[in-house]
Amino acid sequence: MKPVVPDAFVEDVKGLWLEVLGEGADLNSGFLENGGDSFRAVLFTARAFEVTGQEIDYLDVLEATGVEALCALVAGSAPGC
């Protein structure tokens, strides 16, 4: 079963995606395809923890195929999701 992801949570992750990758980043393309690298992935995980309280592995961020996939990953590690 796919985790239920609250809209506010999705907006937070979208905001972080654009913050780390730049305002022109495509929300439906992968992290690496958007010019991301390991440094930006670590930055994303740190900011995601600050904003959502959820820990994620930077390797999962590098492999993310878009914001929706990343939201499901982060929300899936949240209690109650």
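Reckoned from all heavy atoms, side chains included, excluding hydrogens, waters and symmetry mates.
- Sorted by first and then second residue, the salt bridge (Lys or Arg N to Asp or Glu O under 4.0 Å) pairs with a member in residues 30-49 read E19-R47, D37-R40, R47-E50; sequence neighbours excluded.
- Listed by chain and residue number, L59, D60 satisfy the side-chain contact (heavy atoms from CB on, under 4.5 Å) test with D57 (two or more places apart in sequence, or in another chain).
- Applying the ring pair (Phe, Tyr, Trp, His ring centres under 6.0 Å) definition to pairs two or more places apart or across chains, those involving residues 10-46 are W17-F31.
- Residues S29 and N34 share a closest heavy-atom pair of O-ND2, 3.3 Å.
- For N28, the side-chain hydrogen bond (donor to acceptor under 3.5 Å, both in side chains) test picks out no residue, with sequence neighbours left out.
- In terms of the side-chain hydrogen bond (donor to acceptor under 3.5 Å, both in side chains) criterion, S38 has no residue partners (sequence neighbours excluded).
- When all heavy atoms of C71 and V10 are compared, the closest pair comes out as SG-CA, 3.9 Å.
- In this structure, L70 and A64 approach most closely via the heavy-atom pair CD1-CB, 4.1 Å.
- Residue pairs that meet the ring pair (Phe, Tyr, Trp, His ring centres under 6.0 Å) test with at least one member in residues 47-71, sequence neighbours left out, do not exist here.
- Nearest heavy atoms, A48 versus L16: CA-CD1, 3.5 Å.
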Take L27 and L18 through the test side-chain contact (heavy atoms from CB on, under 4.5 Å) and record every step on the way to the result. CA-CA 8 Å; L27 299 174; L18 296 174; 4.1 Å; yes
